Undergrad: 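Below are the structure tokens for one structure; questions will follow.
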Amino acid sequence: MAQRKFIDDWKRTHSCGDLRGADVGKQVVLFGWVQARRNLGGCVFVDLRDREGLTQVVFDPSTEPRDLSVDGSETIAQAVAIAEQIRPEWVIGIRGVVVSRGENLNRNRPTGEIEVRVLEAEIFNQAETPPFEIVDDLDTREELRLQYRYLDLRRRPMQQIFRLRHQMNQTARRYLSDQGCLELETPFMVKYTPGGARNFLVPSRHAAGKFYALAESPQLFKQLFMVAGFDRYFQIVKCFRDEDFRLDRQPEFTQVDIELSFVNQDDVFALVEGLMFEIVQQTRGIDLREKYPEGRFPRMTFEESMQRFGNDKPDLRFGMEHTDITDLIIAHQGGGVPFFAEIANRFENGTLRRDIPGEIVKVMSVSAEAKLSRKDLDEMEKMAQSMGAKGLARAKVGANGEWTQTALKTATVELRQAIHERTGAKEGDLLLFQFGKAALAHTVLANLRLHLGKKMGHIPAFGHGGKLEFLWVVNPPMFEADEQTGGWVAAHHAFTRPHDDHIAIVESDPAKVLCYRYDLVLNGFEVGGGSIRLHDPVVQRAVFRTLGIDEEQAEEKFGFLLKALRHGAPPHGGMAIGWDRVAMLLSETESLRDVIPFPKTQRGADPMTDAPSALDDEQLAELRLCVMPQKN
RNA sequence: GGGGCGGUAGUUAAGUUGGUUAUAACGCCGGCCUGUCACGCCGGAGGCCGCGGGUUCAAGUCCCGUCCGCCCCGCCA
């Protein structure tokens, strides 16, 4: 067996990204993986890779150690023999001398001025031929990349992403610590609490038949830190939610969790803004003060966001806003369009009311520049239908303000003029309509807006495209109507503080109650959310009454928190930042999976380890569990 | 739970109205080559066309089912 000189007697002197022209003449020891081997017949060039970079090393049988003023002639033949054997991804070590490449330099890499002339080499390990090449611009099924994630992670772009995450973590720790926050830990295995996201459950062997829940967030525990008087807390923490996935959702994900005592909403914002400025500066070298000179992010109310963009996480990198024309439809009694008239009638006769969320008519004006073909429109209509819409009514604005290419051509001049005036639509523009249930109309138009934004090149398919648009979305409603029961449910959670001037109407007019809940949005992604908590037991009881939760139920569900809040809870509030989403946006990658070292597929599987897996009967018996047969 | 797209050598793709032995590039293996750096040149191996059923003289291709992956709606307080 080889003598292992390279590990036992010699130490690595440099990384594969270190050496420059100034190092010429140095004797060096490099360790790494074989990126590429170019055998010219006698002379073998090898690109040696480690996490810092690539260095070309040369195995040349004609090397004369004396010319390099070093020993080692007897080892050169051995080294050249090794060069003949090695293959991509083998792990080797070399000892050699840095020489200038003179005219033959490679300007494409930082180490391109030099190469290392090998005097001695050792193979640490061979490698099977990898299922895909370890290259920067890999084009391979993602499933295969996940199956061999350790090879995928060997690639430079992936290494850069996780270096970025390291920087994010270091920056957050330093900043939040400087802001007086203590890094404290909360349990992952917690008591199951109903409502909200589904929990992953962990069966207990000691208490067979009982289960822990994996924490969907440290929410309740961080509030207990405030009761305990820690004053300010943060944690970089994993959260677990057993819900369906999207490109920005994984079953386990990381958030930077923050909670502060004796603060109002503005105090929380200032802290988080400072953090984001710092993160963007440290990781991307971008000074957000150029865009936000006051050091603050803009704010928009929830209601305005829904009106203008159809969701609570608007992508502000481009326009194409929506316009609510429900009032125009009512005023014009349908304006000659049968299905508008139908809606107008229902408002007339009181079936629908404007002051409570119900049905609406919205329009999005698309510039003539979009040059949408019939095929494009059909595709968009299909998209709308796949989201549950009946169709996609549209009208093209003609030279004299008439509507063409549309089922809406019966619209009156007055209605058309009113709509053109409000939307600013000009000749050649296309009007896209949605009407009916507000939630559906909003969803459809919000998605079409993003679709068109990408299609028209206002925003890239993924990545920030040089624009970082932050926004606080504030003052959402505290309660939502529960369609099934006809009662009220908490729009976020029951421990959010209502606006002070709405406390009086918590029970009398829940629909109008707004609360101190806020989301931080970046380029159309919700990257953080939080609230000022409700620490007043009197208001808390009123909220529970509105939600139809009596004291007994409240005790049963949230007893430990309510009890804690009765023992001297300071006013407090906080924030949770979706750290993976921030990493995804800053690294301009396509999905959350790209910024998580070992992510799950859309169905929650890990192709590498084959998790989740079945248990054998013995294990189940120990937990006193039995698995029901699959229902068909 | 619903809708859409995809699955063909190790990888990425092509594959005609169903019709001989399923192509190509990269990778892999062997040979040659002393200044390559996407090295080059010559040769070679490599296929359960995701899986199961059906239609047919004949299926990668058409039909049904199913599994897996991705995107969206619902869901995610």
Side-chain angles (χ1 to χ4, degrees), chain A residues 35-47 54-63 80 83 87-89 99 101-109 111-112 115 117 128-148 193-199 216-217 219-220 239-251 253 379 382-389 439-440 443-444 446-448 450-451 461-462 476 478-480 482 488-496 515 517 526 529 531 547 557-558 578 590-591 593 600-603 605 607:
Chain A
Q35 172 74 43
R37 172 173 160 275
R38 295 177 290 279
N39 185 348
L40 275 69
C43 182
V44 181
F45 296 93
V46 168
D47 292 329
L54 284 177
T55 298
Q56 172 163 290
V57 300
V58 194
F59 298 77
D60 184 344
S62 67
T63 299
V80 170
R87 291 291 181 271
E89 302 314 315
V99 299
R101 291 180 60 174
E103 293 300 303
N104 282 322
L105 82 174
N106 184 340
R107 295 179 197 281
N108 297 324
R109 48 175 87 146
T111 61
E115 64 191 7
R117 198 150 277 255
E128 289 178 17
T129 301
F132 47 79
E133 290 176 77
I134 311 304
V135 292
D136 291 357
D137 52 346
L138 183 67
D139 177 20
T140 296
R141 310 200 301 276
E142 195 181 359
E143 191 188 0
L144 192 71
R145 290 173 51 203
L146 294 183
Q147 201 180 335
Y148 293 90
T193 49
R198 286 187 197 85
N199 292 98
E216 58 195 59
S217 79
Q219 181 62 41
L220 302 177
C239 302
F240 306 89
R241 292 178 193 177
D242 188 6
E243 293 292 346
D244 289 351
F245 310 156
R246 289 285 187 283
L247 68 80
D248 62 347
R249 284 196 238 154
Q250 277 274 306
F253 60 98
E379 188 195 351
K382 271 191 187 153
M383 278 179 67
Q385 285 166 339
S386 76
M387 286 176 251
L440 181 59
T443 298
V444 170
N447 281 300
L448 288 178
L450 290 174
H451 173 79
F462 65 91
M478 174 94 186
F479 303 102
E480 265 170 16
D482 183 338
W488 297 96
V489 293
H492 296 283
H493 67 70
F495 305 102
T496 301
C515 63
R517 157 85 206 184
E526 182 195 320
S531 63
L547 295 173
K557 283 185 174 176
F558 311 108
E590 278 185 72
S591 94
R593 292 184 299 277
K600 307 283 190 287
T601 65
Q602 187 146 58
R603 301 193 47 193

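Computed from a predicted structure; not experimentally measured. In the text below, chain A, chain B and the rest are named by the order of the sequence lines, each starting its count at 1.
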Undergrad: Please state the P separation for the pair B:U16 and B:U11 - nearest whole angstrom.
TA: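 Roughly 22 Å separates the two P atoms.
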Undergrad: For B:C37, does the base pair up with any side-chain atom of A:Arg37 as donor and acceptor (N or O, under 3.5 Å, distance only)?
TA: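 Side chain to base: no pair below 3.5 Å.
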Undergrad: Does the A:Arg101 side chain pair with the main chain of A:Glu115, one donor and one acceptor, at a distance under 3.5 Å?
TA: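 Between the backbone of A:Glu115 and the side chain of A:Arg101 there is no qualifying donor-acceptor contact (under 3.5 Å).
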Undergrad: In terms of side-chain heavy atoms of A:Glu243, which of B:C76, B:C39, B:C73 is nearest?
TA: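 That would be B:C76.
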Undergrad: Hey, is the side chain of A:Arg593 poking within less than 4.0 Å of OP1 or OP2 on B:C71, counting only N and O atoms?
TA: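 The answer is yes; a side-chain N or O of A:Arg593 sits under 4.0 Å from OP1 or OP2.
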Undergrad: Which part of the nucleic acid does A:Leu138 contact within heavy-atom distance under 4.0 Å: base, sugar-phosphate only, or nothing?
TA: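 Touches nothing.
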Undergrad: Using heavy-atom distances to pick each residue's nearest nucleotide on RNA chain B, tell me which of A:Gln56 and A:Gly196 is more 5'.
TA: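 Its nucleotide being nearer the 5' end, the pick is A:Gln56.
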Undergrad: Is A:Asn106 close enough to B:U36 that one of its side-chain N or O atoms is under 4.0 Å from OP1 or OP2 there?
TA: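 For A:Asn106, the contact criterion (side-chain N or O under 4.0 Å from OP1 or OP2 of B:U36) is not met.
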Undergrad: Respond yes when some side-chain nitrogen or oxygen of A:Arg87 is under 4.0 Å from OP1 or OP2 of B:C29, and no when none is.
TA: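 The answer is yes; a side-chain N or O of A:Arg87 sits under 4.0 Å from OP1 or OP2.
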Undergrad: For the P atoms, the ones on B:G53 and on B:U17, what distance do you get once it is rounded to whole angstrom?
TA: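 28 Å, rounded to whole Å.
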Undergrad: Using atom P of each nucleotide, how far apart are B:C41 and B:G47 to the nearest Å?
TA: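 Those two atoms are separated by 26 Å.
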Undergrad: To the side chain of A:Asp244, which of B:G35, B:C71, B:C75 is closest?
TA: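 Closest nucleotide among those given: B:C75.
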Undergrad: Would you mind telling me which of B:U11, B:U36, B:C28 lies closest to the side-chain atoms of A:Arg38?
TA: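 When the side chain of A:Arg38 is considered, B:U36 is the closest of B:U11, B:U36, B:C28.
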Undergrad: With a 3.5 Å cut-off and just heavy-atom distances, do the side chain of A:Arg141 and the base of B:G10 make a donor-acceptor pair?
TA: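 Per atom types, no contact qualifies.
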Undergrad: If you find the nucleotide of RNA chain B closest to A:Asn39 and the one closest to A:Phe45, which residue's nucleotide is nearer the 5' end?
TA: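 With A:Asn39 and A:Phe45 compared, the 5'-side residue is A:Phe45.
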Undergrad: Quick one: is B:C71 close enough that its OP1 or OP2 comes under 4.0 Å of any side-chain N or O from A:Gln602?
TA: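 For A:Gln602, the contact criterion (side-chain N or O under 4.0 Å from OP1 or OP2 of B:C71) is met.
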Undergrad: Check every atom of B:U36, B:C76, B:C70 against the side chain of A:Arg241 and return the nucleotide holding the closest atom.
TA: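 Nearest to the side-chain atoms of A:Arg241, counting from C-beta on, is B:C76.
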Undergrad: Once hydrogens and angles are ignored, does a donor-acceptor distance under 3.5 Å link the base of B:U12 to the side chain of A:Asp139?
TA: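 For A:Asp139, whose side chain was compared with the base of B:U12, there is no donor-acceptor pair (under 3.5 Å).
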Undergrad: If I pick the C1' atom on B:A22 and the same atom on B:A9, what distance separates them, to the nearest angstrom?
TA: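 About 10 Å, rounded to a whole number of Å.
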Undergrad: Base, sugar-phosphate or nothing for A:Ala494? Non-hydrogen atoms, less than 4.0 Å.
TA: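 Nothing: the residue A:Ala494, judged by heavy atoms under 4.0 Å, touches no strand.
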Undergrad: Among the nucleotides B:C71, B:G27, B:C37, which one has an atom lying closest to any side-chain atom of A:Arg109?
TA: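 For the A:Arg109 side chain, the nearest candidate turns out to be B:C37.
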Undergrad: Rounding to the closest angstrom, what is the interatomic distance between B:A45 and B:G35 at atom C1'?
TA: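 Straight-line distance between the two C1' atoms is 31 Å.
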Undergrad: B:C67, B:C71, B:A38: which one has an atom nearest the side-chain heavy atoms of A:Ser591?
TA: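 Comparing B:C67, B:C71, B:A38 against the side chain of A:Ser591, the answer is B:C71.
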Undergrad: Tell me what A:Leu440 touches on the nucleic acid: a base, only sugar-phosphate, or nothing, going by heavy atoms under 4.0 Å.
TA: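 Answer is nothing: A:Leu440 stays at 4.0 Å or more from every strand.
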Undergrad: A:Glu143 has a side chain; which of B:G69, B:G35, B:C73 sits nearest to it?
TA: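 Taking heavy atoms from C-beta onward, the closest nucleotide is B:G69.
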Undergrad: Identify which nucleotide among B:G74, B:U36, B:C70 has an atom closest to any side-chain atom of A:Thr601, counting heavy atoms from C-beta outward.
TA: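 In terms of side-chain proximity for A:Thr601, the closest of B:G74, B:U36, B:C70 is B:C70.
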Undergrad: Could you work out the separation of B:G50 and B:A59 based on their P atoms and round it to a whole Å?
TA: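 Those two atoms are separated by 15 Å.
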Undergrad: Side chain of A:Ala605 only, please: which of B:U12, B:U36, B:G69 is the nearest?
TA: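 The nucleotide sitting nearest to the side chain is B:G69.
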Undergrad: Which whole number of Å gives the distance between the C1' atom of B:G65 and that of B:U21?
TA: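 Looking at atom C1' only, B:G65 and B:U21 are 32 Å apart.
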Undergrad: Checking A:Glu243 now: which residues fulfil salt bridge (Lys or Arg N to Asp or Glu O under 4.0 Å) with it, not counting sequence neighbours?
TA: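 Counting only residues at least two positions away or on another chain, A:Glu243 forms a salt bridge (Lys or Arg N to Asp or Glu O under 4.0 Å) with A:Arg198.
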Undergrad: OP1 or OP2 of B:G74 versus the side-chain N and O atoms of A:Thr443: is any pair under 4.0 Å?
TA: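 Result: yes.
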Undergrad: Students often get this wrong, so: under 4.0 angstrom with heavy atoms, is A:Pro607 touching a base, only sugar-phosphate, or nothing?
TA: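 Nothing, no nucleic acid heavy atom in range.
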Undergrad: If you measure from the C1' atom in B:G27 to the same atom in B:U12, how many Å do you get, rounded?
TA: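 Each nucleotide's C1' atom is 11 Å from the other's.
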Undergrad: Does a side-chain N or O of A:Arg246 approach OP1 or OP2 of B:C73 to a distance below 4.0 Å, or not?
TA: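 Checking A:Arg246 against B:C73: at least one side-chain N or O falls below 4.0 Å of OP1 or OP2.
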Undergrad: Measure the distance between the ring centre of A:Phe132 and the centre of the six-membered base ring of B:U11, then answer whether it is under 5.5 Å with planes under 30°.
TA: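 A:Phe132 vs B:U11: stacking no.
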Undergrad: Just compare B:C28, B:C76, B:U34 and give me whichever is closest to any side-chain atom of A:Cys43.
TA: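 Closest nucleotide to the A:Cys43 side chain: B:U34.
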Undergrad: Verify the contact: side-chain N or O of A:Arg198 to OP1 or OP2 of B:C75, cut-off strictly under 4.0 Å; return yes or no.
TA: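 No, A:Arg198 has no side-chain N/O under 4.0 Å of OP1/OP2 on B:C75.
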Undergrad: Apply side-chain contact (heavy atoms from CB on, under 4.5 Å) to A:Met387 and list each qualifying residue two or more places apart in sequence or on a separate chain.
TA: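 side-chain contact (heavy atoms from CB on, under 4.5 Å) check on A:Met387 returns A:Met383, A:Thr443, A:Val444, A:Asn447.
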Undergrad: Have a look at A:Gln219 and say if it touches a base, only the backbone sugar-phosphate, or nothing, with a 4.0 Å heavy-atom cut-off.
TA: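 Base contact.
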